[in-house]
Number of protein chains: 2
Amino acid sequence: MSETTVTATPNSYEVITSREFNATKDKVFEAYTNPELFVQLMGPSVLSMKIESMDTVPGGKWRYVSTDPTGAEYGFHGVYHDVIKDERIVQTFEFEGVPGHVSFNVIRFDETDGKTTVTSTAVFETIADRDGMVSTGMESGARESFERLATLLAE
Amino acid sequence: MSETTVTATPNSYEVITSREFNATKDKVFEAYTNPELFVQLMGPSVLSMKIESMDTVPGGKWRYVSTDPTGAEYGFHGVYHDVIKDERIVQTFEFEGVPGHVSFNVIRFDETDGKTTVTSTAVFETIADRDGMVSTGMESGARESFERLATLLAE
(Lines give C-alpha, C1' and ligand atoms only; values in the text may rest on other atoms or scores of the structure.)
Protein backbone atom coordinates (compact mmCIF):
# COMPACT_ATOMS: atom_id res chain seq x y z
CA MET A 1 0.00 0.00 0.00
CA SER A 2 1.23 3.50 -0.81
CA GLU A 3 2.07 5.90 1.94
CA THR A 4 1.28 9.57 2.17
CA THR A 5 4.27 11.78 2.88
CA VAL A 6 3.74 15.20 4.42
CA THR A 7 6.81 17.45 4.50
CA ALA A 8 6.90 20.76 6.39
CA THR A 9 10.59 21.56 6.75
CA PRO A 10 11.31 23.99 9.62
CA ASN A 11 11.75 27.58 8.43
CA SER A 12 10.33 26.86 4.99
CA TYR A 13 7.20 28.45 3.54
CA GLU A 14 5.66 25.28 2.25
CA VAL A 15 3.94 22.02 3.02
CA ILE A 16 4.39 19.25 0.45
CA THR A 17 1.97 16.33 0.50
CA SER A 18 2.49 13.40 -1.82
CA ARG A 19 1.16 9.91 -2.49
CA GLU A 20 1.11 7.38 -5.30
CA PHE A 21 -2.24 6.02 -6.47
CA ASN A 22 -2.97 2.88 -8.41
CA ALA A 23 -4.74 4.69 -11.26
CA THR A 24 -3.95 6.58 -14.46
CA LYS A 25 -3.63 10.34 -14.17
CA ASP A 26 -6.83 11.09 -16.08
CA LYS A 27 -8.79 9.25 -13.36
CA VAL A 28 -7.00 11.10 -10.58
CA PHE A 29 -7.38 14.47 -12.31
CA GLU A 30 -11.11 13.75 -12.73
CA ALA A 31 -11.45 13.24 -8.96
CA TYR A 32 -9.90 16.69 -8.40
CA THR A 33 -12.07 18.55 -10.89
CA ASN A 34 -15.48 16.86 -10.75
CA PRO A 35 -17.30 18.46 -7.79
CA GLU A 36 -19.35 15.31 -7.12
CA LEU A 37 -16.16 13.31 -6.65
CA PHE A 38 -14.08 16.07 -5.06
CA VAL A 39 -16.61 16.70 -2.28
CA GLN A 40 -16.04 13.10 -1.15
CA LEU A 41 -12.33 13.76 -0.64
CA MET A 42 -12.18 17.06 1.15
CA GLY A 43 -11.42 17.66 4.79
CA PRO A 44 -11.41 15.42 7.85
CA SER A 45 -14.35 13.02 8.03
CA VAL A 46 -15.65 14.64 11.24
CA LEU A 47 -16.71 17.65 9.11
CA SER A 48 -19.45 17.66 6.53
CA MET A 49 -18.37 19.39 3.33
CA LYS A 50 -20.40 21.37 0.83
CA ILE A 51 -18.98 22.77 -2.42
CA GLU A 52 -20.66 26.09 -3.18
CA SER A 53 -18.76 26.79 -6.37
CA MET A 54 -15.95 25.15 -8.27
CA ASP A 55 -15.32 26.67 -11.67
CA THR A 56 -12.22 24.80 -12.83
CA VAL A 57 -10.91 27.25 -15.43
CA PRO A 58 -8.22 29.95 -15.15
CA GLY A 59 -9.82 32.79 -13.20
CA GLY A 60 -12.63 30.52 -12.00
CA LYS A 61 -13.59 30.74 -8.34
CA TRP A 62 -14.10 27.97 -5.84
CA ARG A 63 -15.67 28.05 -2.38
CA TYR A 64 -16.49 25.29 0.03
CA VAL A 65 -18.02 25.26 3.47
CA SER A 66 -17.42 22.66 6.14
CA THR A 67 -19.76 22.13 9.07
CA ASP A 68 -18.66 20.55 12.34
CA PRO A 69 -20.88 18.36 14.55
CA THR A 70 -22.05 21.42 16.54
CA GLY A 71 -23.24 23.12 13.35
CA ALA A 72 -20.43 25.69 13.20
CA GLU A 73 -19.49 26.55 9.60
CA TYR A 74 -16.05 27.24 8.19
CA GLY A 75 -15.64 28.77 4.74
CA PHE A 76 -12.71 28.48 2.36
CA HIS A 77 -12.31 30.09 -1.04
CA GLY A 78 -9.85 30.86 -3.79
CA VAL A 79 -9.35 31.20 -7.51
CA TYR A 80 -7.77 28.95 -10.10
CA HIS A 81 -4.70 30.29 -11.86
CA ASP A 82 -4.35 27.21 -14.06
CA VAL A 83 -6.21 23.97 -14.59
CA ILE A 84 -4.20 21.93 -17.11
CA LYS A 85 -5.93 18.64 -17.87
CA ASP A 86 -4.21 15.59 -16.36
CA GLU A 87 -1.13 17.68 -15.49
CA ARG A 88 -1.45 20.49 -12.99
CA ILE A 89 -3.80 22.65 -10.95
CA VAL A 90 -2.59 25.98 -9.53
CA GLN A 91 -4.93 27.83 -7.20
CA THR A 92 -5.08 30.27 -4.31
CA PHE A 93 -6.50 29.32 -0.92
CA GLU A 94 -7.90 31.38 1.96
CA PHE A 95 -9.54 30.21 5.19
CA GLU A 96 -12.25 32.77 5.89
CA GLY A 97 -11.77 32.36 9.65
CA VAL A 98 -8.40 34.09 9.31
CA PRO A 99 -8.99 36.49 6.42
CA GLY A 100 -6.06 38.04 4.62
CA HIS A 101 -3.78 35.02 5.00
CA VAL A 102 -3.67 33.65 1.49
CA SER A 103 -1.62 30.70 0.29
CA PHE A 104 -1.18 29.18 -3.09
CA ASN A 105 -1.26 25.57 -4.02
CA VAL A 106 0.26 23.64 -6.92
CA ILE A 107 -1.05 20.11 -7.47
CA ARG A 108 0.86 17.95 -9.97
CA PHE A 109 -0.16 14.62 -11.47
CA ASP A 110 2.74 12.42 -12.62
CA GLU A 111 1.99 9.01 -14.13
CA THR A 112 4.49 6.14 -14.38
CA ASP A 113 3.53 2.58 -15.36
CA GLY A 114 -0.16 3.29 -14.87
CA LYS A 115 0.30 4.68 -11.37
CA THR A 116 -0.06 8.36 -10.58
CA THR A 117 1.78 10.35 -7.96
CA VAL A 118 -0.08 13.40 -6.71
CA THR A 119 2.20 16.08 -5.26
CA SER A 120 0.47 19.02 -3.63
CA THR A 121 2.67 21.97 -2.64
CA ALA A 122 1.06 24.65 -0.47
CA VAL A 123 3.15 27.81 -0.26
CA PHE A 124 2.33 30.43 2.37
CA GLU A 125 3.13 34.13 2.50
CA THR A 126 5.05 33.72 5.76
CA ILE A 127 6.51 30.90 7.85
CA ALA A 128 4.08 31.92 10.63
CA ASP A 129 1.14 31.41 8.26
CA ARG A 130 2.54 28.01 7.30
CA ASP A 131 3.02 26.98 10.92
CA GLY A 132 -0.47 28.21 11.79
CA MET A 133 -2.00 26.02 9.08
CA VAL A 134 0.06 23.00 10.12
CA SER A 135 -1.14 23.44 13.71
CA THR A 136 -4.79 23.12 12.63
CA GLY A 137 -4.29 19.44 11.83
CA MET A 138 -3.61 19.92 8.13
CA GLU A 139 -1.47 16.77 8.07
CA SER A 140 -4.07 14.32 9.35
CA GLY A 141 -6.70 15.96 7.11
CA ALA A 142 -4.43 15.48 4.11
CA ARG A 143 -3.79 11.83 4.99
CA GLU A 144 -7.53 11.19 5.35
CA SER A 145 -8.25 12.87 2.02
CA PHE A 146 -5.66 10.78 0.22
CA GLU A 147 -6.98 7.64 1.90
CA ARG A 148 -10.48 8.39 0.62
CA LEU A 149 -9.10 9.19 -2.83
CA ALA A 150 -7.39 5.77 -2.93
CA THR A 151 -10.67 4.11 -1.97
CA LEU A 152 -12.62 6.09 -4.58
CA LEU A 153 -10.13 5.19 -7.32
CA ALA A 154 -10.33 1.50 -6.38
CA GLU A 155 -14.12 1.44 -6.85
CA MET B 1 13.53 61.24 -0.52
CA SER B 2 12.23 57.77 0.26
CA GLU B 3 14.27 54.75 -0.58
CA THR B 4 13.15 51.49 -2.09
CA THR B 5 14.18 48.41 -0.15
CA VAL B 6 14.38 45.06 -1.92
CA THR B 7 14.86 42.05 0.35
CA ALA B 8 15.59 38.56 -0.97
CA THR B 9 16.97 36.68 2.03
CA PRO B 10 19.06 33.65 1.02
CA ASN B 11 17.11 30.36 1.22
CA SER B 12 13.77 32.10 1.51
CA TYR B 13 10.93 31.81 -1.02
CA GLU B 14 10.17 35.50 -1.25
CA VAL B 15 11.22 38.89 -2.48
CA ILE B 16 9.88 41.86 -0.49
CA THR B 17 9.94 45.28 -2.11
CA SER B 18 8.90 48.34 -0.13
CA ARG B 19 8.86 52.12 -0.36
CA GLU B 20 7.07 55.04 1.24
CA PHE B 21 5.26 57.51 -1.02
CA ASN B 22 4.18 61.04 -0.27
CA ALA B 23 0.50 60.40 -1.03
CA THR B 24 -2.62 59.02 0.62
CA LYS B 25 -3.34 55.35 0.06
CA ASP B 26 -6.38 55.96 -2.15
CA LYS B 27 -4.10 57.73 -4.66
CA VAL B 28 -1.54 54.93 -4.56
CA PHE B 29 -4.19 52.20 -4.85
CA GLU B 30 -5.64 54.05 -7.86
CA ALA B 31 -2.25 53.90 -9.59
CA TYR B 32 -2.22 50.11 -9.11
CA THR B 33 -5.74 49.48 -10.37
CA ASN B 34 -6.31 52.03 -13.16
CA PRO B 35 -4.75 50.49 -16.30
CA GLU B 36 -3.95 53.89 -17.80
CA LEU B 37 -1.85 54.75 -14.76
CA PHE B 38 -0.50 51.28 -14.09
CA VAL B 39 0.91 50.88 -17.61
CA GLN B 40 3.17 53.87 -16.88
CA LEU B 41 4.71 52.10 -13.89
CA MET B 42 5.40 48.61 -15.10
CA GLY B 43 8.72 47.12 -16.01
CA PRO B 44 12.10 48.61 -16.85
CA SER B 45 11.95 51.68 -19.08
CA VAL B 46 13.87 49.92 -21.87
CA LEU B 47 10.74 47.82 -22.52
CA SER B 48 7.48 49.10 -23.92
CA MET B 49 4.50 47.77 -21.97
CA LYS B 50 1.00 46.99 -23.14
CA ILE B 51 -1.80 45.90 -20.83
CA GLU B 52 -4.03 43.42 -22.64
CA SER B 53 -6.42 42.83 -19.78
CA MET B 54 -6.67 43.91 -16.17
CA ASP B 55 -9.91 42.95 -14.53
CA THR B 56 -9.32 44.03 -10.92
CA VAL B 57 -11.90 41.85 -9.17
CA PRO B 58 -11.52 38.48 -7.41
CA GLY B 59 -11.15 35.91 -10.19
CA GLY B 60 -10.39 38.63 -12.75
CA LYS B 61 -7.54 37.99 -15.13
CA TRP B 62 -4.68 40.24 -16.07
CA ARG B 63 -2.16 39.97 -18.90
CA TYR B 64 0.50 42.33 -20.09
CA VAL B 65 3.05 42.14 -22.85
CA SER B 66 6.39 43.90 -22.92
CA THR B 67 8.35 44.53 -26.10
CA ASP B 68 12.10 45.05 -26.14
CA PRO B 69 13.94 47.34 -28.59
CA THR B 70 14.43 44.42 -31.04
CA GLY B 71 10.67 43.80 -31.15
CA ALA B 72 10.75 40.59 -29.07
CA GLU B 73 7.63 40.20 -26.95
CA TYR B 74 7.36 38.82 -23.41
CA GLY B 75 3.99 37.94 -21.94
CA PHE B 76 2.97 37.81 -18.29
CA HIS B 77 -0.38 36.84 -16.85
CA GLY B 78 -2.21 35.92 -13.69
CA VAL B 79 -5.46 36.17 -11.78
CA TYR B 80 -6.57 38.32 -8.89
CA HIS B 81 -7.45 36.52 -5.68
CA ASP B 82 -8.40 39.73 -3.87
CA VAL B 83 -8.58 43.41 -4.69
CA ILE B 84 -9.53 45.22 -1.48
CA LYS B 85 -9.85 48.95 -2.09
CA ASP B 86 -7.02 51.02 -0.58
CA GLU B 87 -5.79 48.01 1.41
CA ARG B 88 -4.49 44.99 -0.46
CA ILE B 89 -4.11 43.24 -3.80
CA VAL B 90 -3.39 39.48 -3.93
CA GLN B 91 -2.66 37.99 -7.33
CA THR B 92 -0.85 35.19 -9.11
CA PHE B 93 1.96 35.85 -11.59
CA GLU B 94 3.44 33.78 -14.41
CA PHE B 95 6.08 34.72 -16.97
CA GLU B 96 5.04 32.98 -20.17
CA GLY B 97 8.68 32.50 -21.19
CA VAL B 98 9.05 29.97 -18.37
CA PRO B 99 5.56 28.45 -18.19
CA GLY B 100 4.53 26.49 -15.12
CA HIS B 101 6.55 28.58 -12.67
CA VAL B 102 3.83 30.50 -10.87
CA SER B 103 4.33 32.88 -7.98
CA PHE B 104 1.90 34.84 -5.93
CA ASN B 105 2.10 38.43 -4.92
CA VAL B 106 0.61 40.36 -2.01
CA ILE B 107 0.69 44.16 -2.26
CA ARG B 108 -0.24 46.10 0.88
CA PHE B 109 -0.97 49.82 1.21
CA ASP B 110 -0.36 51.27 4.69
CA GLU B 111 -0.99 54.96 5.31
CA THR B 112 0.50 56.96 8.20
CA ASP B 113 0.30 60.77 8.45
CA GLY B 114 -0.75 61.09 4.83
CA LYS B 115 2.14 58.98 3.53
CA THR B 116 1.67 55.48 2.16
CA THR B 117 4.06 52.56 2.34
CA VAL B 118 3.65 50.01 -0.42
CA THR B 119 4.95 46.55 0.50
CA SER B 120 4.95 43.99 -2.27
CA THR B 121 5.73 40.39 -1.29
CA ALA B 122 6.33 37.93 -4.12
CA VAL B 123 6.31 34.31 -2.95
CA PHE B 124 7.62 31.60 -5.27
CA GLU B 125 6.95 27.86 -5.32
CA THR B 126 10.65 27.08 -4.86
CA ILE B 127 13.82 28.90 -3.86
CA ALA B 128 15.16 28.11 -7.35
CA ASP B 129 12.19 29.91 -8.92
CA ARG B 130 12.81 32.86 -6.62
CA ASP B 131 16.49 33.01 -7.47
CA GLY B 132 15.70 32.70 -11.17
CA MET B 133 13.39 35.70 -11.03
CA VAL B 134 15.91 37.75 -9.02
CA SER B 135 18.57 36.98 -11.65
CA THR B 136 16.43 38.58 -14.38
CA GLY B 137 16.95 42.03 -12.91
CA MET B 138 13.75 42.09 -10.88
CA GLU B 139 15.35 44.41 -8.34
CA SER B 140 16.31 47.22 -10.72
CA GLY B 141 12.94 46.90 -12.45
CA ALA B 142 11.18 47.26 -9.10
CA ARG B 143 13.24 50.34 -8.20
CA GLU B 144 12.46 51.95 -11.55
CA SER B 145 8.75 51.22 -11.17
CA PHE B 146 8.65 52.77 -7.71
CA GLU B 147 10.59 55.79 -8.97
CA ARG B 148 8.02 56.33 -11.73
CA LEU B 149 5.20 55.84 -9.23
CA ALA B 150 6.69 58.55 -7.01
CA THR B 151 6.89 60.90 -10.02
CA LEU B 152 3.31 60.11 -11.06
CA LEU B 153 2.00 60.76 -7.55
CA ALA B 154 3.83 64.10 -7.41
CA GLU B 155 2.13 65.34 -10.58
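Within every chain, numbering begins at 1; the chains are lettered A, B, ... in the order of the sequence lines, protein sequences first and strands thereafter.
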### Query
Quick one: do W62(A) and V90(A) end up in the same hydrophobic cluster if we chain Ile, Leu, Val, Met, Phe, Trp and Tyr together by side-chain heavy atoms under 4.5 Å apart?
no
### Message
Starting from V79(A), can I reach M42(A) by hopping between I/L/V/M/F/W/Y residues whose side chains sit under 4.5 Å apart?
### Response
no
### Query
Shared ILVMFWY cluster between I51(A) and L149(A), side chains joined below 4.5 angstrom?
yes
### Query
Can you tell which of R88(A), H81(A), K61(A) has the highest number of heavy-atom pairs within less than 4.5 Å of chain B?
H81(A)
#### Entry: Minimum-distance pair of heavy atoms, taken over all atoms of V123(B) and E125(A)
CG2-CA, 4.0 Å
### Query
After noting the C-alpha distance and the side-chain angles of T92(A) and T92(B), does the key distance pass the side-chain contact (heavy atoms from CB on, under 4.5 Å) rule?
CA-CA 8 Å; T92(A) 61; T92(B) 61; 3.7 Å; yes
### Message
If I measure from the heavy atoms of chain A, does S12(B) come under 4.5 Å with its side chain, its backbone, both, or neither?
### Response
both
### M49(A) reachable from L41(A) in the ILVMFWY side-chain graph, under 4.5 Å edges
yes
### Gap separating the OG1 atom of T126(A) from the CD atom of E14(B), nearest 0.5 angstrom
8.5 Å
### Query
Would you say V28(A) and V83(A) are hydrophobically clustered, going by side-chain heavy atoms of ILVMFWY under 4.5 Å?
yes
### Message
With rounding to the nearest 0.5 angstrom, report the NE2 to CG distance, H77(A) to D82(B).
### Response
5.5 Å
### Message
Within this structure, what is the CZ-CZ distance for the pair F104(A) and F124(B), rounded to the nearest 0.5 Å?
### Response
9.0 Å
### Query
What distance separates Y13(A) OH from R130(B) CZ, expressed to the nearest 0.5 Å?
8.5 Å
## Note on the structure
Residue from G78(B), G100(B), G59(B), G60(B) scoring the most non-hydrogen pairs under 4.5 Å with chain A is G59(B)
### Task
Tell me, for V102(A) versus chain B, whether the close heavy atoms (under 4.5 Å) come from the side chain, the backbone, both or neither.
both
